[in-house]
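These values consider heavy atoms only, across backbone and side chains, with no hydrogens, waters or symmetry-generated copies. Every number for a ligand or one of its atoms is a count from 1 in the order of the listing. It should be emphasised that the depicted structure is a prediction, and the values quoted were computed from it without experimental measurement.
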Amino acid sequence: MNKIIILDENTANQIAAGEVIERPASVVKEMVENSIDAGATQITVEIRNGGISYIRVTDNGSGIDGDDLEFVFERHATSKIRRIEDLDSLATMGFRGEALASVASVSHLEVTSKTKEASNGNTLKIEGGRVISIAQAGCPDGTTFIVRNLFYNTPARYKFLKKDTTEAGYVSDIIERLALANPGISFKFIKNGQTHLHTPGNHDLLSTIYSIFGKDIASSLIPADYKTESFTLSGFIGRPEIARGNRNSQYIYLNGRYIKNRIVSKALEDSYKTRLMQNKFPFCVLMIETSPQSYDVNVHPQKLEVRFANENAVYSLVYHGCENALLGQSMIRSFEPGFRERRHEINQVSKQEEIQVTPNIKTGRTVYFPETKQESLFEEKHPAGGLPKFIEKISKPALVNKEETDDAEKGLNKEERISEDVKPFRDSGPAVSENPAEELLEATIIGQAFDTYILLQRGDNLYIIDQHAAHERIRFETLKNRLKKEESFSQVVLEPYIIKLSSSEFEFVMSKLAEFQKIGFDIEAFGFNTIILRSIPDFYDTGFSSKDFIEILDRWSQTGSKQTGISEEALFMISCKGALKANRVLSKEEIRGLLESLTAMENPYTCVHGRPIILTLDKKEFEKRFKRIV
Ligand code: ADP
Ligand code: MG
């Protein structure tokens, strides 16, 4: 057996570095977090070669006293924990006093720092954990760390680094996450001599988002604000058109720290249900605040994963917070070509524009909350959302002016609120109207294109509505509401249907007799694996066949055999089946009826599969294309 030895300090640091410092991005994270802790309002990060050969972090924070400069590289040197009692509140924030010791042990490090009180600063050089020199230096207040040749003395670590561009991407991710969490700090990120990100540091989250992701994203956001007994939710969620193919654009923060959490993502995505197509994930920057006692962060070494004590409470917070935000918004999409999907393009945009946006963008808004579901006469006459035969007025969502309360809270005056900077966001946003119901109902009906799309005109807008998608949405919401109200759907048929099933189908039906009854099917067993239907739902305007029953049965058993009640997927199918088809000529009266029903829906913007129902094309767009204007 080998003899037991005590590791020297430096070797211990190198081993510790293995845990804390994995790659350049981890160095940046530790350094920037230290700068934030030091009260900096400006932080610049510069890297070369993905940070492998060079990282610089400069801040205007408190600085480090000359006498302490050497000391901060000692393992367990920290100014942040004084007593064991502090551990409770601070340990979760990652103060362990080993970051600097670790970085210094695996790189060539140089730190220059000056406190406000001191007349001069100091520069210290350390190589592989050994102090090389310390000297006085003339420098501004604050601290600059330069880390060169990361992992030069730990080849095993070095070997695991990825391509420069990949490492640079990780660094960029870290800075974006930290910048979003700290809108009061101006972050600048310089990569190979070029500025890639510059946030204003004006305490305004929307301006910060704008400077990171660009105008297209910033103009497609919906504010989310929600409060429950023990949680607060704030931030922004993306309109459906900026949804992405993965979850990388979900920025979720818990008490200011970036986290990943399955429950939060699920709640967010569920709130978009039927507004997004499959495999599309919403963009969000969401801040959750709660007491540190209500979660546990020690499940993952990088501390991204957290476990909530009460997962239901978190789910409900995020679900309702986001759903409310979505319901208060016009979701009519602009006809213009899609959004930039690729991230580097977006960065490019924000780089070129490099706008310093001033505060208060967030507050200059009016939102409306739909009243409780409106009933239209049409629903009574045509319980399944068939085509209405006459015109009828519907009540409109009530306008609530939220500006007043918001501004009162923030102590802002009107001029501050409606600053000029607000304009570009509003004017260029795809949202056409604050009150789409009114807009659509007041529009002139031009007619149909291809017997499939309804064309409307109002002011400078041309609206294009997919008639099938619209009717499908109407049927879906109507059915759901009727189910909720436990209305009877049953309609007795003169000649009962006798249907032969497989044994598993038969079993499924028998286990759900009461549930089938709720949607209008009166079913009895009728011999071996056979059933008899004596009544069917009233939403079949166009005739019913046993095939329709089998289809519902299939979908229901595939998607909701365990839950009580019919599955949403089965309802989608029913809604889609009976809905008005494309390629059908509609009279103006029919179009009018469809519009009235549509505008009374909770979500008139997307069909149940998440496809858009309404698009709009601006008169300017015509003029541009016909070269009347340039
Ligand atoms: P921790 O952050 O856990 O305390 P670190 O090793 O990251 O441990 O830092 C050690 C100490 O060095 C900090 O507690 C702080 O006092 C000091 N320090 C590090 N970076 C800065 C900075 N940018 N400005 C001021 N003080 C700093
Ligand atoms: Mg630290």
Run the contact test for F145 against ligand 1 with a 4.0 Å cut-off on heavy atoms, strictly below, and give the result. yes

Within less than 4.0 angstrom of ligand 1, does G61 place any heavy atom? no

The Mg ion (ligand 2) to nearest N/O/S of N34 less than 2.8 Å: yes

Looking at non-hydrogen atoms alone, which of D65, D59, N34 comes nearest to atom 23 (N) of ligand 1? D59

Spell out, as yes or no, whether a donor-acceptor pair under 3.5 Å connects the side chain of N261 to the backbone of I263. yes

Would you call the rings of F283 and Y251 parallel, tilted or perpendicular, where under 30° means parallel and over 60° means perpendicular? tilted

Taking only heavy atoms of [X], which atoms of ligand 1 are found under 4.0 Å from at least one of them?
{"X": "A99", "answer": "6 (O), 7 (O)"}
{"X": "A38", "answer": "24 (N), 25 (C)"}
{"X": "V72", "answer": "12 (O), 17 (C)"}

Using a 4.5 Å cut-off on heavy atoms from C-beta on, say whether the side chain of L286 contacts that of L268. yes

At what distance, to the nearest 0.5 angstrom, does CG of L109 lie from CG of N149? 11.5 Å

Centroid-to-centroid, Y152 to H108, below 6.0 Å? yes

